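Accompanying notes for the structure given below.
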Number of protein chains: 2
Amino acid sequence: MFTMRSEYALRIVLVLAKNCDRYLSMSEILEGVKRSVPREFAEKILNILKRAGIVKTQRGRQGGYALSKPPGEIRVSEIVFLLDRKSRVFYEFPDCPEELDCVIRNLWKRVEESIEKTLDSITLADMLEEQEKFTRKKCV
Amino acid sequence: MFTMRSEYALRIVLVLAKNCDRYLSMSEILEGVKRSVPREFAEKILNILKRAGIVKTQRGRQGGYALSKPPGEIRVSEIVFLLDRKSRVFYEFPDCPEELDCVIRNLWKRVEESIEKTLDSITLADMLEEQEKFTRKKCV
DNA sequence: TTACCTCCCGACTTTTCGAATCTAGATAAA
DNA sequence: TTTATCTAGATTCGAAAAGTCGGGAGGTAA
């Protein structure tokens, strides 16, 4: 369904969200995701996130990556659809000469909309909160 | 998102649904989908549909394929999830040792459920009806 | 009985695309 | 200037999807 890019991007962004007061270097991010994301891949993803304005960067020493907005203002849909565009627009025919095509395309569209609705309704802050619940459970 | 198998399967099944009173030969089916599905691929898909009990067959002269249930009793989800299993279960980890994994997996699960809900709510009869609306519009 | 029509089915090739890697360059702070 | 960091592309690799092929087997009707 969605590719690893979305998966990785979410992991990375959640780590950034956890430390939203400062810049994290690549090494810190990789530590944060428990080395589950290859370095070069992470760089690429962060690049895309930056160009989209979701992440800001600081070069040189003490540099790194940080979210450019508070976690509560970043919807999961922003992340996912940025990295997996295909998952968004399934079948973009210019028009439908055949009725059969139209009907099936409408079906995919409905699916698409339901996905969009779900991902739109969740922010990074929501996910952070959920994550803390897990952690609390473990520590009790 | 979904593969061509789902797309093709839906086309084929809709053609069968349109003529649910008799067996359609492969040639007739291919005509019905306007040659948009390669013959050999269609055979493969029909085979899967047959083994799943959605389609029944008749060999020899006058033989062919037909739905084994009325279109109103066949949900789109049956077709789609039969041919694209991956689209159903995204990430089936046995358990979640890392909180980060849990949270993200829960996200995918919610997406998955929304897709399932959508596809469950639509039957072949619904799609046929919609198709007829298109046709009527055209002929006015 | 037999000739023909239809489905049946596994093995194969080609193509596509995601995942990961590599290499080189640009920028900014110390 | 040096060093740590980000920027960016090209390339390789592998798996899975898409599509193909050829023979086989069962059924019908004349």
Side-chain angles (χ1 to χ4, degrees), chain A residues 1-12 16 22-31 33 35-68 80 82-88 90-91, chain B residues 1-12 15-16 19 22-33 35-68 80 82-91:
Chain A
M1 154 94 213
F2 300 111
T3 70
M4 294 309 284
R5 286 155 53 113
S6 286
E7 172 91 18
Y8 289 165
L10 286 175
R11 290 184 191 212
I12 290 170
L16 292 179
R22 65 193 185 87
Y23 286 92
L24 291 187
S25 72
M26 179 57 76
S27 315
E28 288 176 297
I29 292 173
L30 295 179
E31 281 304 320
V33 298
R35 303 269 159 207
S36 64
V37 183
R39 181 183 208 96
E40 295 80 7
F41 221 154
E43 285 179 348
K44 192 174 294 182
I45 290 168
L46 280 161
N47 235 321
I48 294 172
L49 290 171
K50 190 209 165 166
R51 271 178 289 178
I54 297 171
V55 157
K56 60 186 176 183
T57 60
Q58 177 77 17
R59 295 198 195 208
R61 294 184 178 177
Q62 311 297 330
Y65 302 88
L67 294 183
S68 52
V80 173
L82 178 66
L83 286 134
D84 283 322
R85 279 168 226 187
K86 279 206 190 138
S87 57
R88 183 132 189 244
F90 301 70
Y91 296 89
Chain B
M1 160 90 213
F2 300 111
T3 69
M4 294 308 285
R5 285 154 52 114
S6 286
E7 173 90 18
Y8 289 165
L10 285 175
R11 290 185 191 209
I12 290 171
V15 168
L16 292 179
N19 305 275
R22 64 192 185 89
Y23 286 91
L24 291 187
S25 72
M26 178 58 76
S27 313
E28 288 176 297
I29 292 173
L30 294 179
E31 282 303 321
V33 298
R35 304 266 156 208
S36 63
V37 183
R39 181 185 210 96
E40 293 81 8
F41 217 145
E43 281 183 350
K44 195 175 295 184
I45 291 168
L46 279 162
N47 233 321
I48 295 172
L49 290 172
K50 188 203 167 170
R51 270 178 290 176
I54 297 172
V55 156
K56 61 185 175 182
T57 60
Q58 176 77 18
R59 296 198 197 204
R61 292 188 179 175
Q62 312 295 332
Y65 301 88
L67 295 182
S68 52
V80 172
L82 178 66
L83 287 135
D84 284 321
R85 279 166 226 190
K86 280 210 189 135
S87 57
R88 185 133 188 239
V89 182
F90 301 70
Y91 297 90

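Letters A, B, ... are given to chains in the order of the sequence lines, protein chains preceding strands, and every chain is numbered from 1. Since we're looking at a predicted model, the values are computed, not measured.
Whole-Å rounding puts the Asn47(B) CG to dT6(C) C1' distance at 13 Å. We find that CD1 of Ile29(B) is positioned 18 Å from P of dC5(C), with the value rounded to whole Å. In this structure, CG of Leu83(B) is placed 14 Å from P of dG19(D), rounded to the nearest angstrom. For the pair Ile45(B) CD1 and dT20(D) P, the computed distance is 12 Å after rounding to whole Å. Look at CD on Glu7(A): it is 16 Å from P on dG18(C), rounded to the nearest Å. Rounded to an integer number of Å, the gap from Glu40(A) CD to dC6(D) C1' is 14 Å. We find that CZ of Phe2(A) is positioned 13 Å from P of dA19(C), with the value rounded to whole Å. Across the protein-nucleic acid pair, Arg5(B) atom CZ and dG19(D) atom C1' stand 12 Å apart, rounded to whole Å.
Here the rule is side-chain contact (heavy atoms from CB on, under 4.5 Å) with Leu24(B), and of Ile12(B), Val15(B), Leu30(B) only Val15(B) fits it.
The residue among Glu43(B) and Gly63(B) whose nearest nucleotide of DNA chain C lies closer to the 5′ end is Gly63(B).
Here the straight-line distance linking atom OG of Ser36(A) with atom CE of Met4(A) works out to 8.0 Å at 0.5 Å rounding.
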Distance-only donor-acceptor hits, side chain of residues 41-49 of chain A, under 3.5 Å, sequence neighbours excluded:
none

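At a threshold of 4.0 angstrom between heavy atoms, the contacts of Arg39(B) with the nucleic acid are absent. Among the atoms of the strands shown, none is found under 4.0 Å from any heavy atom of Ile48(B). At the heavy-atom level, Tyr23(A) lies nowhere under 4.0 Å from the strands shown.
For Thr3(A), a side-chain nitrogen or oxygen approaches OP1 or OP2 of dA19(C) to under 4.0 Å. Residue Thr57(B) places no side-chain N or O under 4.0 Å from the OP1 or OP2 atom of dT6(C). OP1 or OP2 of dA20(C) sits under 4.0 Å from a side-chain N or O of Tyr8(A).
Comparing atom distances between the Pro38(A) side chain and each of dT20(D), dA20(C), dC7(C) picks out dA20(C) as nearest.
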Worksheet entry | Footprint string (nucleotides 11-16 of chain C, 5' to 3'): B base within contact, S backbone only, - free, heavy atoms under 4.0 Å | B-----

Collect all protein-nucleotide pairs involving nucleotides 28-30 of chain C in which both atoms are nitrogen or oxygen and the distance is under 3.5 Å.
unit_1, atom_1, unit_2, atom_2, d
dA29(C), OP1, Gln58(A), NE2, 3.2

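When the side chain to side chain donor-acceptor pair (under 3.5 Å) test is applied to Ser68(A), no partner is found at least two apart in sequence or on another chain. Applying the side chain to side chain donor-acceptor pair (under 3.5 Å) rule to Arg59(A) yields no partners; only residues at least two apart in sequence or on another chain are considered. Under the side chain to side chain donor-acceptor pair (under 3.5 Å) criterion, Lys50(B) pairs with Thr57(B), not counting sequence neighbours.
Heavy atoms only, all atoms of each residue included: Tyr23(A) and Gly64(A) are closest at CD2-O, 3.4 Å. The shortest heavy-atom contact between Arg35(B) and Ser27(B) is NH2-O, 4.4 Å.
Within the 3.5 Å criterion, the main-chain N or O of Phe2(B) finds no donor-acceptor partner in the side chain of Asp84(B). When atom types are taken as modelled, the side chain of Arg5(B) and the backbone of Leu83(B) share a donor-acceptor pair closer than 3.5 angstrom.
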